[in-house]
Structures are given as C-alpha cells and as structure tokens.
Amino acid sequence: MNGAAPSAGAPADPPATSAVQPLDPESAARGFTGLLEVMDRLRSPGGCAWDARQTHESLVKYLIEESYEVIEAIESDGGPAAHRQELVEELGDLLLQVVFHARVAQERREQDGGFTVSDILEAVTAKLIRRHPQVFAAEYRDTLGTQASEEALHSRWEELKKQEKPERKGPFDGVPPGLPALQYAEKILAKARRHGLEPAPGGEQPGGIPESGSEPGAPASEEELGERLFHLVRQASVAGLDPERALRATARRWAGDRERESAR
C-alpha cells in the first residue's frame with residue numbers, strides 16, 4: 001500500500017485547534033481493545049463458524065463494499081455533516097475489515113505471512129513520521145512552508161516514497177493495477193506529469209489516443225465532465241461494450257508506451 005499523497009481537494013490550512021473535538025486516548029485504547037477481543041472470540045473455538053472460515057481472499061469483496069459505503073456516506077446530499085451516524089457506522093465497518101485481516105494473519109507464522117494488528121499500527125505510524133519530516137524531524141529544514149503548492153507537496157511526497165522504496169524504478173511503479181479504471185487512468189496521468197512523460201497538447205499518441213488538451217471544448221466543470229462520461233457509458237452499453245475494461249486496457253497501453261519511451 002502506498003499511502004495517500006496530499007489530496008488536491010484538501011483545504012490549504014489545517015482546521016483551527018479549537019475546532020478539534022477532544023479525544024481521550026485511554027477511552028480510544030479501551031474501545032480498540034474491546035473490538036480486538038470481540039474479533040478474537042468470533043475466530044476462536046466456540047465462536048462464529050462463518051467468521052472462523054474467512055481468509056484474506058474471501059474478505060476482499062467485503063473490504064471493497066465497505067469502502068464504497070463509506071464513500072456513499074460522505075458524498076450523499078448534505079455531506080458528512082448531514083450523515084454523521086452513517087459515517088461513524090460505515091467507518092466502523094471499514095475498521096472491522098482491518099481488524100479481521102489482522103486476526104486472520106495472526107493465526108499464521110511470520111514466515112508464512114503472519115503478522116498482528118500491532119505490526120500494522122507500528123508500520124503506519126512509522127510511515128507517517130518518515131513522510132512528514134517537516135513536522136517530526138528536528139534537523140529537517142522545511143523549504144516549502146505551509147503555503148506550498150499542491151504540486152510542490154506532491155513532489156516532496158513522491159521523493160520521500162522513492163527513498164523508502166528504491167526498488168521502484170519505473171514511472172508507474174506503485175500504481176495498484178486493480179484500481180477502478182477511471183481512478184487508474186487518473187493516477188497514471190498524474191504520475192506521467194510528475195515524470196515529464198505527459199506530452200504537450202497537440203498531435204496523436206500511439207494507438208490514436210489524443211494528446212492531453214488536444215480535444216476541442218474540454219469540459220469546464222465536473223458536472224459537464226460527468227455528463228460526457230455518462231453519455232459515453234450509455235453509448236457503450238447500447239453497443240454491448242464494457243467501458244470499465246475498455247478504459248483500463250487503453251490506460252495500461254498508454255502507460256506501457258510512456259514507460260518504454262522513458263527507458264530509451
């Protein structure tokens with residue numbers, strides 16, 4: 001897992017400290033421990049037969065479903081403020097998936113892929129600290145500041161990831177191939193821009209794919225973009241074509257072309 005880079009849609013400044021609700025660490029620890037204890041009982045002899053049968057592989061579909069239900073709670077009319085209880089519940093279901101996978105792995109030896117929830121917590125905490133040296137490293141000289149552009153923040157994030165994972169040599173290494181096609185296409189285009197592989201407007205790319213910005217009348221808003229995408233999906237449906245598979249194949253072909261060019 002890569003960890004999320006700073007989001008282009010995130011606010012420029014963090015919320016005021018006075019607006020942050022107080023959190024009792026001891027209460028949070030007790031709640032998390034309680035969840036672990038419930039999962040342990042469900043997976044242990046005398047627990048739930050269904051829970052005991054689950055594997056990493058069988059749980060994948062539930063991880064995906066719960067992720068989309070979190071998104072639904074966030075993006076429904078009124079946003080998170082209007083769906084507080086739904087968001088609390090759905091995030092709890094998503095957290096359950098993490099705990100479930102950790103409990104499954106706990107039943108294996110380390111050499112067989114086993115780990116514990118403590119390993120997960122230690123790994124993600126260490127990663128956050130490593131990737132925010134401007135916050136946690138006393139000797140780090142922050143040259144970007146709090147008003148840095150999204151592009152500059154992304155560049156620093158990518159550079160820190162490169163230091164952590166030097167085995168990733170290709171420009172598109174680290175992009176999960178199982179992402180939904182639209183998200184996959186957006187990810188590889190963003191990577192291409194950061195590596196100087198996104199061509200200038202004009203001309204044709206291999207395979208007849210228009211260059212970025214060469215199409216007449218680019219959509220001016222997300223609403224217009226959504227309408228155009230929906231129209232294309234409707235046309236694909238009428239023609240009996242699979243738009244998800246088509247976009248994924250085109251995006252992978254495009255990334256392959258760019259990667260071969262960068263290797264020359």
Side-chain angles (χ1 to χ4, degrees), residues 1-10 56-57 60-61 63-64 67-68 70-71 94 97-98 101 113 120 123-124 126-134 144 148-215 218-219 222 225-226 228-229 232-233 236 241-264:
M1 189 75 178
N2 299 321
S7 169
H56 288 306
E57 293 79 7
V60 167
K61 62 181 178 182
L63 178 60
I64 295 171
S67 297
Y68 278 113
V70 169
I71 293 170
L94 190 58
Q97 293 303 308
V98 175
H101 279 279
I120 296 173
V124 71
K127 179 188 287 186
L128 284 172
I129 292 173
R130 282 197 313 272
R131 294 192 181 178
H132 294 84
Q134 75 278 16
L144 297 182
S149 67
E150 289 293 329
E151 183 178 357
L153 292 172
H154 272 291
S155 296
R156 177 168 64 189
W157 187 266
E158 289 296 322
E159 184 57 37
L160 289 167
K161 287 203 298 185
K162 190 185 300 182
Q163 293 172 15
E164 287 180 16
K165 300 182 178 180
E167 72 277 7
R168 291 183 176 175
K169 304 294 186 182
F172 305 110
D173 287 355
V175 179
L179 285 174
L182 270 174
Q183 191 176 1
Y184 177 79
E186 192 280 330
K187 283 277 189 183
I188 63 169
L189 287 168
K191 286 264 192 180
R193 283 191 292 272
R194 288 196 288 273
H195 286 85
L197 299 175
E198 169 69 320
E204 289 281 322
Q205 294 184 19
I209 306 170
E211 296 289 5
S212 173
S214 66
E215 304 89 335
E222 286 191 359
L225 173 61
R228 291 194 188 187
L229 290 171
L232 282 173
V233 172
L241 302 174
D242 184 337
E244 176 79 11
R245 187 168 59 208
L247 178 58
R248 190 188 309 280
T250 296
R252 286 176 174 171
R253 185 172 69 250
W254 187 92
D257 290 342
R258 301 285 81 72
E259 193 153 18
R260 283 188 289 274
E261 286 179 8
S262 69
R264 290 174 184 168

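Keep in mind that what you see is a predicted model, and the values were worked out from it rather than measured.
Rounded to the nearest 0.5 Å, atoms CD1 (Ile64) and NZ (Lys61) are 10.5 Å apart. To the nearest 0.5 Å, atoms CG (Leu189) and CZ (Phe172) are separated by 8.0 Å. Annotation: the span from Leu247 atom CG to Leu229 atom CG amounts to 9.0 Å, rounded to 0.5 Å.
In this structure, the side chains of His101 and Val98 stay at 4.5 Å or more apart for every pair of heavy atoms. A heavy-atom distance below 4.5 Å is not found between the side chains of Lys191 and Pro171. Two residues are said to be in side-chain contact when any heavy atoms from C-beta on lie closer than 4.5 Å; Gln97 and Ser67 fail this criterion. The shortest side-chain heavy-atom distance between Gln183 and Glu186 does not fall under the 4.5 Å cut-off. With contacts defined as side-chain heavy-atom distances shorter than 4.5 Å, the pair Ile188/Glu259 does not qualify. With a 4.5 Å cut-off on side-chain heavy atoms, Tyr184 and Arg252 count as touching. Side-chain atoms of Glu244 and Arg248, non-hydrogen and from C-beta on, do get closer than 4.5 Å to each other.
Among all heavy-atom pairs drawn from Leu197 and Arg258, the shortest one is O-CD, 3.2 Å. Taking every heavy atom of both residues into account, Asp257 and Arg260 meet most closely at OD1-NH2, 2.6 Å.
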